[in-house]
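Numbering starts at 1 and runs along the sequence shown.
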Amino acid sequence: MLRVLIVGCGEMGSRHLQALASLPMVTHIEVLDPRPESLQLGRDRLQELLGPRPSTEISWITSIQQA
């Protein structure tokens, strides 16, 4: 099982999030971006692609100290 940190969740980072969240071996994803609108984009794209994924834990963080 893998734990992943994505740094940046804008246009490209949110697409990486979609791909990683679809992998069964990824169990926890931390998404780091200081901009609330980028984190919201990630949430929106994840929801539109996958719907709820109870087996993957997602943490939305705004600083590297939280990671």
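Annotation for H28 and E57: closest pair CD2-O, 3.0 Å, computed over non-hydrogen atoms. Residues G10 and S14 approach most closely at O-OG, 2.7 Å, considering heavy atoms. Here the closest heavy-atom approach between residue C9 and residue G42 is recorded as SG-CA, 3.5 Å. Between L17 and I29, the closest heavy-atom pair is CD1-CG2, 3.8 Å.
Taking the side chain as every heavy atom from C-beta outward, Q18 and E48 approach each other to under 4.5 Å. When side chains are defined from C-beta on, I6 counts as touching V4, because their heavy atoms get closer than 4.5 Å.
Looking at T27, its side chain never comes within 3.5 Å of a backbone N or O of T56 through a donor-acceptor pair. The backbone N or O of S38 lies less than 3.5 Å from no partner atom in the side chain of D33, so there is not a single donor-acceptor pair.
Not a single salt bridge (Lys or Arg N to Asp or Glu O under 4.0 Å) links R15 to another residue, sequence neighbours left out. Residues meeting the side chain to side chain donor-acceptor pair (under 3.5 Å) test with E11, sequence neighbours left out: R45.
Cluster membership check: W60 does not share its hydrophobic cluster with M12, using side-chain heavy-atom separations under 4.5 Å among Ile, Leu, Val, Met, Phe, Trp and Tyr. V26 and I58 end up in the same hydrophobic cluster when Ile, Leu, Val, Met, Phe, Trp and Tyr side chains are linked at under 4.5 Å. By the rule that hydrophobic residues join a cluster once side-chain heavy atoms approach within less than 4.5 Å of another member, L5 and L41 end up as members of separate clusters. With hydrophobic clusters built from ILVMFWY side chains whose heavy atoms lie under 4.5 angstrom apart, L32 does not share a cluster with L2.
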Taking it one step at a time, do T62 and L39 satisfy side chain to side chain contact (heavy atoms under 4.5 Å, CB included)? CA-CA 9 Å; T62 57; L39 293 177; 3.9 Å; yes

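Put simply, CD on E37 and CG on D44 are 12.0 Å apart, with the number rounded to the nearest 0.5 Å.
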